[in-house]
A.B. asks: 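The structure under discussion is supplied below as structure tokens; questions concerning it will follow.
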2 protein chains.
Amino acid sequence: MANYEQLRLRNQLCFPLYVCSKEVVRKYKPLLDELDLTYTQYITMMAMWEHRQLSAKELGTILYLDSGTLTPVLKTLEKKGFVERQRSKEDERSLIISLTPEGNELQDKAAHIPAAMGKCIDMDLEDLQTLHRLLHKFMDTSIK
Amino acid sequence: MANYEQLRLRNQLCFPLYVCSKEVVRKYKPLLDELDLTYTQYITMMAMWEHRQLSAKELGTILYLDSGTLTPVLKTLEKKGFVERQRSKEDERSLIISLTPEGNELQDKAAHIPAAMGKCIDMDLEDLQTLHRLLHKFMDTSIK
DNA sequence: TTAAATTTAATTGTGTACAATTTATCTGAT
DNA sequence: ATCAGATAAATTGTACACAATTAAATTTAA
């Protein structure tokens, strides 16, 4: 008789990852609605606040997103006035994304979000730090 | 001068969660292609293998998915012959999902997947167990 | 008992994700 | 100098994911 214990949802690592990720993104929604940003647009803006200017290629590397996802996200952010898209002069293949003044101002409006999210998470600091460390370890050792 | 340290991607908990989740799902793809299942269809089948019969409502609770996502997934799985959809006799609002013989046989073909995925993850067992425990704790304390 | 509230799926609309392909540009080896 | 290969975005197609709404069935309460 076969033992399918390993096929139970509760024994998977992938399933709680998948659920936690989705539910955290869902918790961001009311906060991000105030900024007129989706979660994907928000992490894109976080990368832009940090780097001011990036090629679409570099953004994709930072965010782990391909052009199929990023192209429409960047067009939307441009339409909202938060970034500018322009071809590189040195290499016409490359698309340079720059933060606009409006995009820069948005950072002030977003400044309270990390603390607001923190209040939703009812775990002690040590567990959160361990979780953070292990997720980064997982990313570094198991991805690509 | 404002300090936006908390707005950096690397300091977020959400971002590594989001990346790890996506990348794990991507790693499943070649294994699931052999079964003609997507990741969402796979976790749905895992729930069905475990419970044999569930209402759509119960499935949604187990998988953290709403009817907007589940309805098309279940129709696809029915088209593939792995589950049956029928209205409950006692409560016509309720949709009963049952495993078909073909769906049951699929479990044999899936039995090797957890071990195959395990080989992709280059972390020691203790870290994986800690990660698993903390993700469940996160789910239990911080979701809904 | 019947009207209001609740519950369950389905539908609609928007926005990702990603594989695969296409198009344009650039680089390097001959 | 040129063309074969590489690179960067965009496009196409499929499949979620979820909020909001709708529709039907059931339950509750006046």
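Just so we're on the same page: letters track the sequence lines, and every chain starts at 1.
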A.B. asks: If only side-chain N and O atoms count, and only distance matters, is there a donor-acceptor pair under 3.5 Å linking B/Asn11 with B/Glu5?
C.D. replies: yes
A.B. asks: With respect to the side chain of B/Arg93, which nucleotide from D/dC16, C/dT6, C/dC26 is positioned closest?
C.D. replies: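 Looking only at heavy atoms from C-beta outward on B/Arg93, the closest nucleotide is C/dT6.
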A.B. asks: Would you say A/Thr38 reaches C/dT16's phosphate, i.e. side-chain N/O to OP1/OP2 under 4.0 Å?
C.D. replies: yes
A.B. asks: Using a strict heavy-atom distance below 4.0 Å, which residues from residues 65-77 of chain B are in contact with DNA chain C?
C.D. replies: B/Ser67, B/Gly68, B/Thr71, B/Lys75
A.B. asks: Between C/dC18, D/dC16, C/dT8, which one does the side chain of B/Thr40 approach most closely?
C.D. replies: D/dC16
A.B. asks: Taking only side-chain N and O atoms of B/Tyr18, does any of them lie within less than 4.0 angstrom of OP1 or OP2 on C/dA17?
C.D. replies: yes
A.B. asks: What's the spacing between A/Gln86 CD and A/Ser98 OG if we round to 0.5 Å?
C.D. replies: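 One finds 4.5 Å between CD of A/Gln86 and OG of A/Ser98.
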A.B. asks: Can a salt bridge be assigned to the pair A/Lys75 and A/Glu78 using a cut-off of 4.0 Å between side-chain N and carboxylate O?
C.D. replies: no
A.B. asks: Any idea which of D/dA8, D/dA25, C/dA9 is nearest the A/Ser94 side chain?
C.D. replies: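 Out of D/dA8, D/dA25, C/dA9, the nucleotide with an atom closest to A/Ser94's side chain is D/dA8.
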A.B. asks: Send over the distance from A/Asp33 CG to C/dG15 C1', rounded to a whole Å.
C.D. replies: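 So the CG-C1' distance, A/Asp33 to C/dG15, works out to 13 Å.
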A.B. asks: With a 6.0 Å cut-off on ring centres, are B/Tyr18 and A/Tyr64 close enough?
C.D. replies: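 Distance test on ring centres: not under 6.0 Å, no.
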A.B. asks: Less than 4.5 Å apart, any side-chain heavy atom of A/Asp127 and any of B/Phe138?
C.D. replies: no
A.B. asks: Out of D/dA17, D/dA19, C/dA17, which has the shortest distance to the side chain of B/Lys22?
C.D. replies: C/dA17
A.B. asks: Would you mind classifying the nucleic acid contact of B/Glu90 as base, sugar-phosphate or nothing, using non-hydrogen atoms under 4.0 angstrom?
C.D. replies: sugar-phosphate
A.B. asks: May I ask you to verify if any side-chain N or O of A/Arg85 is less than 4.0 angstrom from the OP1 or OP2 atom of D/dA10?
C.D. replies: yes
